[in-house]
Amino acid sequence: MTREEIVEAIKDIIATIAPDEDLSNLKHDVRLRDQIALDSMDFLDIVMELRKRYGVQVPEEDYKELATMDGCVNYLYPQLSTKQLKVGV
Amino acid sequence: MSTERQDVIVIGAGMSGLAAAIRLAQFDQRVLVLEQHALPGGLNSFYKRRGRRLDTGLHAMTNFARKGARDAPLTKILRQLRIGHDELALGEQGHSRITLAGLSVRFSNDIALLCAEIEREFPGERDAFARLLECVRSHDPFRPAASFVSARAQLVALGLGPELAEVLLLPILSYGSALEQDAEWNDFVILFRSLFLEGFARPEGGIKRLLDILVARLSERGGVLRRNSTVAAILSGPDGVRGVRLEDGTEIECTHVLSSAGRVETARLAGLPVRTEESGWVTLFEALWILKRPSRELGCMETVHFCCDEPRVPWREPEGRIEPSIGIFCASDNYATQEPPVEGMLRATAIANHDRWCEIDEEAYPIAKRAACDHLADMSARLGLDPRPHAIDSDSFTPRTIRRYTGHARGAVYGSPHKYRDGATPIPRLILIGNDQGLVGITGALLSGITMANLHLLHARAT
Ligand SMILES: Cc1cc2nc3c(=O)[nH]c(=O)nc-3n(C[C@H](O)[C@H](O)[C@H](O)COP(=O)(O)OP(=O)(O)OC[C@H]3O[C@@H](n4cnc5c(N)ncnc54)[C@H](O)[C@@H]3O)c2cc1C
């Protein structure tokens, strides 16, 4: 996956969890929680979907790295660059 | 013969069992739901009678929230189960009413109506009610209290007069307190929000719509629902649960069992000591009438009407077969619908005494049922609608029916007065879900299944 594809991967996961949210104008450098209503249960679902779809493990102490879209891409790139994008699963 | 093996077995395809199973299947657990009946739904199921599909329980789905509403429990539940808000096709109530010993207030899904009604009926209580609202909004009811906090005492402490307190307690106790004469303050706050700040709605077409969605989600995710399968025993060894045995002798192995059968019933299945006093006492008599015309055309404007003839709500097991002073009436066609209703439907509920209904013989049983129906019809007539002259069909059921169909000891509908909030049992990996674990009602049971699946299985692995 390229960095753009990782953005798409994250957006697709958020869209499955929160289908009623508009994700078209997400700013990449602003906290996700400040732009869309995600609570801690939703956040854990993002982590679980990452594990299910891509086999990525995110230990609890690293959750803070996933606060913004840029943070997600930077943190996940080393693990996802060799993986294929899966959307709509 | 090789033994079947699952990751998780869920006992019961009621709201809590289906919700838990969907969560687990979604994250690749092999999950099998065992339901003793041919239909899912448990306490909130449906049946066919003379060509009509009738709901067994549904008066109102509480916790109404608009699509995408932030921080709303309904939004949380729908997200966790990956259900779109539109799929449910929720129709909102018009308004409902509480009538207690001559006092009467209306409420709707907009809290402003209740505020205005309280100002009109209780002019001196404006500030006390504002304090209560503030408290209900700011209190965190999901943080367990260190010791029991009585809702009745808390209302007094906030300065509410006894009449207003009882008016508010009537619907709140009716829709979810397993305690006698009171509710835990946290539960009061949760119920107050679900009833008054969020409100009532009904999936178009009734409970079957929700159940169809849940069953479809489960199978799309690879979970299996096996109907007509009664669990006869929960099998365990020194290190915890290892499977179940069905009534026909089949054994199925698994790592976890999530049981919605109830605390006492689950203990019995697992061979643990059983204390029957732990089973709940709240059980119901329910009468329903199909009306020739929509209930609004017959002059009934309320969606739900909570009525109590006594100045203090007698929320306890009644002496006789039913508690004569409390009636809850629901005109279940009084919800916004896409298809306008052609018929009306009035459902009436009374608190009942399970043992009184069981000690009468087969000859007296239908007579007692008729008497209870007439009592509720008379009460409804006093509120403005006597269903009898307009009825094209009617039906009723008792705690005996509820026990027979759900397996809950004493026909309990709100579970044990003592809740097992962490779902834990003395047997490792045997977990309680549903009414006895935590919240009650449809949304409460869904949330129970979701949170227990998360706590015991999913979040434990995510980290
Ligand atoms: C008349 C009535 C009206 C109600 N009205 C409303 C309402 O308007 N709004 C609302 O929110 N709530 C209402 N409720 C309450 C609501 O229905 C319940 O709180 C909720 O459905 C409980 O769900 P549950 O999953 O905890 O348990 P249950 O629904 O009881 O599910 C347990 C399931 O387990 C199965 N089972 C038990 N033992 C076994 C076994 N050994 N093997 C296999 N299967 C087994 C049962 O058959 C059942 O399907 C009403 C209840 C009743 C009875």
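A, B, ... follow the sequence lines: proteins, then strands. Residue 1 opens every chain. Remember, it's a predicted structure, so these values are computed and weren't measured experimentally.
- When atom types are taken as modelled, the side chain of A/Lys52 and the backbone of B/Gln26 share a donor-acceptor pair closer than 3.5 angstrom.
- With salt bridges taken as basic N to acidic carboxylate O contacts below 4.0 Å, none links A/Asp20 and B/Arg66.
- No side-chain heavy atom of B/Lys76 sits under 4.5 Å from any side-chain heavy atom of A/Asp42.
- Counting all heavy atoms, side chain and backbone alike, B/Arg79 lies closest to A/Ala37 at NH1-O, 2.5 Å.
- Contact detail for A/Thr16 and B/Arg82: the closest heavy-atom pair is O-CD, 3.2 Å.
- Neither the backbone nor the side chain of B/Thr75 has a heavy atom closer than 4.5 Å to any heavy atom of chain A.
- Residue contact with chain B, scored on non-hydrogen atoms closer than 4.5 Å, involves the backbone of A/Ile36 exclusively.
- Remark: B/Asp28 does not engage A/Arg51 in a salt bridge, criterion side-chain N to carboxylate O under 4.0 Å.
- With a 4.5 Å cut-off on non-hydrogen atoms, B/Ile450 touches chain A through its side chain but not through its backbone.
- Residue A/Glu61 qualifies as enclosed at atom CD: its count of foreign heavy atoms under 6.0 Å is above 12.
- More than 12 heavy atoms of other residues, nucleotides or ligands sit less than 6.0 Å from atom CG of A/Asp29.
- B/Asn454 touches chain A through its side chain: at least one heavy atom from C-beta onward sits under 4.5 Å away, while N, CA, C and O do not.
- A salt bridge does not link A/Glu21 to B/Lys67: none of the charged nitrogens lies less than 4.0 Å from a carboxylate oxygen.
- Heavy atoms of B/Arg23 lying under 4.5 Å from chain A belong exclusively to its side chain.
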